[in-house]
Chemist: 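Let me begin by handing over the structure; questions about it come next.
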Amino acid sequence: MKGCIIMKQLQVGIQIHAVREDFEENPDLALKRIAEIGYQGVEFVFQYLTRDAEYYAQLLAETGLACYSIMIDWKNLQPGKLEEALEYCKKLPCDCVVLGSLALAPLAEDPAYINFLLDFIKDVVGKIRAAGFKTGFHNHDKDHLTHLEDGRTFFEFMFDTFPNDFMLMMDTGNAQGGGADPISLIKRYPHRTQIAHFKGYSTKATYLAPVWESEIDTDALLDTLANEGDTNVLSIEFGKRSDYVPFERAERSYQWLASKLREKGMY
């Protein structure tokens, strides 16, 4: 029936960046606390994985947590570094490696830099896929604020250029911080947001806003993810620090989001 909402079951995860200090200090305790809160899985950031891959694989097995993705930053996407990172990632129970950040600053001085960047991204994506992983791109506010000569944002360029099997890992707060509407973008590029990040954002508090105070229509967001994003995983993410305790915010974020999802029959 037209307009019918899919009562799709979502898994709730957390981007490890949200509790990065605790994770780097004691990964064992951090993952146990994540599991005890109720999260079903985590998303790793490659540069925070400072021990042998087998160590983290064992922790995931012990806690029962899934690993939904591994994010690799610009530094580790470089030739030589990327190959090493992918060999490491193969030892973890995860089938998705995403591009976490790209260097956009040169575009301000040299519009032709986009050609270099496009070739670079194509090479990186090819290597990630050849290593057996799914891949995609995690947006930051700069991706919505950086414009090409044709007027498109860099974000629009990315998802106009790459095919539908290149995942749009939508970070809601980062889109809002860049002046974009995450709901509209998920609809514009449908069936590509298998993993989404729910990050709080408000005009007054910016990235310090918790998810339960985010200036977004949460019901519309969840419906869009289920119906048009083909989303399977919704991860909590926050990063900017103030006087809050990261794990306390992680727990309250989970409780709030899980309650919203249960109300909609999606968890």
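Basis for what follows: all heavy atoms, side chains included, without hydrogens, waters or symmetry-related copies.
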Chemist: Does Asp223 come within less than 4.0 Å of Lys264, counting only side-chain N to carboxylate O?
Modeler: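 Yes, Asp223 and Lys264 are salt-bridged.
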Chemist: In the single-linkage hydrophobic clustering (I, L, V, M, F, W, Y; side-chain heavy atoms under 4.5 Å), do Met167 and Phe154 co-cluster?
Modeler: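 No, it is not one cluster - the side chains of Met167 and Phe154 are not joined through contacts under 4.5 Å.
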Chemist: If only atom types and distance count, is the side chain of Gln40 paired as donor or acceptor with the main-chain N or O of Leu65 below 3.5 Å?
Modeler: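 Pair absent, no side-chain N/O of Gln40 close to backbone of Leu65.
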Chemist: Do any N or O atoms from the side chain of Tyr56 and from the backbone of Arg51 form a donor-acceptor pair under 3.5 angstrom?
Modeler: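 Here the side-chain-to-backbone pair exists.
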Chemist: Identify whether the distance between the nearest side-chain nitrogen and carboxylate oxygen of Lys32 and Glu62 falls below 4.0 Å.
Modeler: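 Glu62 and Lys32: not salt-bridged.
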Chemist: Centre of Phe166's six-membered ring, under 6.0 Å away, within 45 degrees of the axis: is that where NZ or CZ of Arg192 sits?
Modeler: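 Geometry flag: not set, cation outside 6.0 Å or 45°.
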Chemist: Checking Gln78 side chain against Lys75 main chain: does a donor-acceptor pair fall under 3.5 Å?
Modeler: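 Checked: no pair found.
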Chemist: Under the ring-ring contact (aromatic ring centres under 6.0 Å, His included) criterion, do Trp212 and Phe198 qualify, and how do the steps go?
Modeler: CA-CA 10 Å; Trp212 57 88; Phe198 196 173; over 10 Å; no
Chemist: Can you say whether the rings of Trp74 and Phe120 are parallel (under 30°), tilted (30 to 60°) or perpendicular (over 60°)?
Modeler: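 The rings of Trp74 and Phe120 sit tilted, inter-plane angle from 30° to 60°.
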Chemist: Take Gln176 and Asp181 through the side-chain contact (heavy atoms from CB on, under 4.5 Å) test and state the conclusion after the steps.
Modeler: CA-CA 6 Å; Gln176 292 175 273; Asp181 176 13; over 6 Å; no
Chemist: To the nearest 0.5 Å, how far apart are CG in Leu49 and SG in Cys89?
Modeler: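 SG of Cys89 is found 7.5 Å from CG of Leu49.
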Chemist: Got Val98 and Ile70 here, is their nearest side-chain heavy-atom distance under 4.5 Å?
Modeler: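 No - every pair of side-chain heavy atoms lies 4.5 Å or more apart.
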Chemist: What distance do Asp28 atom CG and Arg33 atom CZ have between them, rounded to the nearest 0.5 Å?
Modeler: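 It is 12.5 Å, given to the nearest 0.5 Å.
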Chemist: Can you say whether the rings of Tyr244 and Phe238 are parallel (under 30°), tilted (30 to 60°) or perpendicular (over 60°)?
Modeler: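 The rings of Tyr244 and Phe238 stand perpendicular, inter-plane angle above 60°.
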Chemist: Can Tyr254 and Val12 be said to form a side-chain contact (heavy atoms from CB on, under 4.5 Å), step by step?
Modeler: CA-CA 8 Å; Tyr254 171 80; Val12 178; 3.8 Å; yes
Chemist: Grab the two heavy atoms, one from Tyr113 and one from Leu107, that are nearest each other, plus how far apart they are.
Modeler: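 Looks like CD2-CG, 3.7 Å.
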Chemist: Do Asn227 and Lys8 meet the criterion of a side-chain donor-acceptor pair at a distance under 3.5 Å?
Modeler: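 Absent: no donor and acceptor within the cut-off.
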Chemist: What distance do Asp73 atom CG and Leu99 atom CG have between them, rounded to the nearest 0.5 Å?
Modeler: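 Asp73 atom CG to Leu99 atom CG measures 10.5 Å (nearest 0.5 Å).
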Chemist: Nearest heavy-atom pair of Ile195 and Tyr68: which atoms, and what distance?
Modeler: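 Scanning both residues completely, I find the closest heavy atoms to be CD1-O, 3.7 Å.
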Chemist: Answer yes or no: is there a side-chain heavy-atom contact under 4.5 Å between Leu225 and Ile183?
Modeler: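 The answer is no; the side chains never approach within 4.5 Å.
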Chemist: Using the rule given for side-chain hydrogen bond (donor to acceptor under 3.5 Å, both in side chains), can you reason through Glu43 versus Ser69, listing the C-alpha separation, both sets of side-chain angles and the distance that settles it, and then say yes or no?
Modeler: CA-CA 5 Å; Glu43 294 183 84; Ser69 77; 2.6 Å; yes
Chemist: So which heavy atom on Ala131 is nearest to which on Lys90, and how close?
Modeler: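 Where Ala131 meets Lys90 most closely, the heavy atoms are O-CE, 3.6 Å.
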Chemist: Going from SG on Cys94 to CZ on Phe133, what distance comes out if it is rounded to the nearest 0.5 angstrom?
Modeler: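 Between Cys94 SG and Phe133 CZ, I get 7.0 Å after rounding to 0.5 Å.
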Chemist: Test: salt bridge (charged side-chain N to carboxylate O under 4.0 Å, His left out). Region: residues 245-263. Which pairs qualify, not counting sequence neighbours?
Modeler: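 Listed by first then second residue: Asp219-Lys260.
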Chemist: For the pair Thr231 (side chain) and Thr193 (backbone), establish whether a donor and an acceptor sit closer than 3.5 Å, ignoring hydrogens and angles.
Modeler: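 The answer is yes, because a donor-acceptor pair under 3.5 Å joins these two groups.
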Chemist: Assigning hydrophobic clusters by single linkage (Ile, Leu, Val, Met, Phe, Trp, Tyr; side-chain heavy-atom cutoff under 4.5 Å), is Phe247 placed with Leu29?
Modeler: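 Phe247 and Leu29: separate clusters.
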Chemist: In terms of hydrophobic clustering (I, L, V, M, F, W, Y; side-chain heavy atoms under 4.5 Å; direct or indirect links), are Phe155 and Ile216 co-clustered?
Modeler: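 Hydrophobic grouping puts Phe155 with Ile216.
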Chemist: Please verify the inter-ring angle class for His138 with His197; under 30° counts as parallel, over 60° as perpendicular, anything in between as tilted.
Modeler: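 Ring orientation, 0 to 90° scale: tilted.
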Chemist: Would you give the length of the straight line joining atom OG1 of Thr206 to atom CG of Leu208, rounded to the nearest 0.5 angstrom?
Modeler: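 Result: 5.5 Å between the selected atoms.
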Chemist: For the residue pair Met169 and Phe137, establish whether any side-chain heavy-atom pair is separated by less than 4.5 Å.
Modeler: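 In short, these two side chains do not touch, never coming nearer than 4.5 Å.
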Chemist: Would Ile128 and Val124 count as a side-chain contact (heavy atoms from CB on, under 4.5 Å) here? Give the steps.
Modeler: CA-CA 6 Å; Ile128 293 174; Val124 166; 3.7 Å; yes
Chemist: Does the pair Leu145 and Thr153 meet the rule for a side-chain contact (heavy atoms from CB on, under 4.5 Å), with working shown?
Modeler: CA-CA 7 Å; Leu145 295 168; Thr153 66; over 6 Å; no
Chemist: With a 4.5 Å limit on heavy-atom distance, are the side chains of Tyr189 and Ser184 in contact?
Modeler: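 Tyr189 does not reach Ser184 side chain to side chain.
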Chemist: Got a donor-acceptor contact below 3.5 angstrom from the Asn139 side chain to the Asp171 backbone?
Modeler: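 Pair found, side chain donor or acceptor close to backbone of Asp171.
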Chemist: Treating Thr135 as the side-chain partner and Val97 as the backbone partner, does any N or O pair qualify as donor plus acceptor under 3.5 Å?
Modeler: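 Judged by distance alone, yes, a pair lies under 3.5 Å.
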Chemist: Would you indicate whether the side-chain heavy atoms of Asp22 and Asn26 approach each other to under 4.5 Å?
Modeler: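 A side-chain contact under 4.5 Å is absent here.
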Chemist: Determine, for Asp150 against Arg152, whether the closest basic-nitrogen to carboxylate-oxygen distance falls under 4.0 angstrom.
Modeler: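 Yes, charged N to carboxylate O under 4.0 Å.
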Chemist: Check whether Gln194 reaches the backbone of His191 with its side chain - one donor and one acceptor, N or O, closer than 3.5 Å.
Modeler: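 Side chain of Gln194 to backbone of His191, a donor-acceptor pair under 3.5 Å: yes, one is there.
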Chemist: Which pair of heavy atoms, one from His17 and one from Glu237, lies closest together, and at what distance?
Modeler: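 Shortest heavy-atom separation between His17 and Glu237 comes out as CD2-OE2, 4.2 Å.
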Chemist: Check Phe23 against Ile16 and note the closest heavy-atom contact, atom names and distance.
Modeler: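 Heavy atoms only, the tightest pair is CG-CG1, 3.5 Å.
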Chemist: Would a 4.5 Å heavy-atom cut-off, applied to side chains only, mark Leu86 and Phe46 as touching?
Modeler: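 No. Closest side-chain heavy atoms not under 4.5 Å.
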Chemist: Please confirm whether the backbone N or O of Ala105 pairs with a side-chain atom of Lys142, one donor and one acceptor, at under 3.5 Å?
Modeler: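 Not confirmed, Lys142 side chain does not pair with Ala105 backbone.
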Chemist: Does the Asp52 side chain pair with the main chain of Glu54, one donor and one acceptor, at a distance under 3.5 Å?
Modeler: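 No, Asp52 side chain to Glu54 backbone: no donor-acceptor pair under 3.5 Å.
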Chemist: With rounding to the nearest 0.5 Å, note down the distance linking CG in Asp143 to CD in Glu156.
Modeler: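 Going from CG on Asp143 over to CD on Glu156, the span is 11.5 Å.
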Chemist: Checking Asp141 side chain against Asn174 main chain: does a donor-acceptor pair fall under 3.5 Å?
Modeler: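 Checking the backbone N and O of Asn174 against the side chain of Asp141, no donor-acceptor pair under 3.5 Å is found.
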Chemist: Same cluster or not: are Val233 and Val211 linked, directly or through other Ile, Leu, Val, Met, Phe, Trp or Tyr residues, by side-chain heavy atoms under 4.5 angstrom apart?
Modeler: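 Per the 4.5 Å side-chain linkage, Val233 and Val211 are not co-clustered.
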Chemist: Give the minimum heavy-atom separation between Arg20 and Gly239, together with the two atoms involved.
Modeler: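 Here Arg20 and Gly239 meet closest at NH2-O, 2.7 Å.
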Chemist: Ile34 versus Thr63: any side-chain heavy-atom pair under 4.5 Å?
Modeler: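 With C-beta onward as the side chain, the pair stays apart.
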Chemist: Taking a hydrophobic cluster as the set of Ile, Leu, Val, Met, Phe, Trp and Tyr residues connected by side-chain heavy atoms closer than 4.5 Å, whether directly or through intermediates, do Leu234 and Val42 fall within one such cluster?
Modeler: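 Yes: a chain of side-chain contacts under 4.5 Å links Leu234 to Val42.
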Chemist: Could you walk me through whether Asp165 and Arg129 pass salt bridge (charged side-chain N to carboxylate O under 4.0 Å, His left out), step by step?
Modeler: CA-CA 11 Å; Asp165 60 354; Arg129 287 179 170 160; 3.1 Å; yes
Chemist: State, yes or no, whether a side-chain contact exists between Gln11 and Asn232 at a heavy-atom distance under 4.5 Å.
Modeler: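 With C-beta onward as the side chain, the pair stays apart.
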Chemist: Are Tyr48 and Phe44 an aromatic pair by the rule of ring centers under 6.0 Å?
Modeler: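 Ring centroids of Tyr48 and Phe44 are no less than 6.0 Å from each other.
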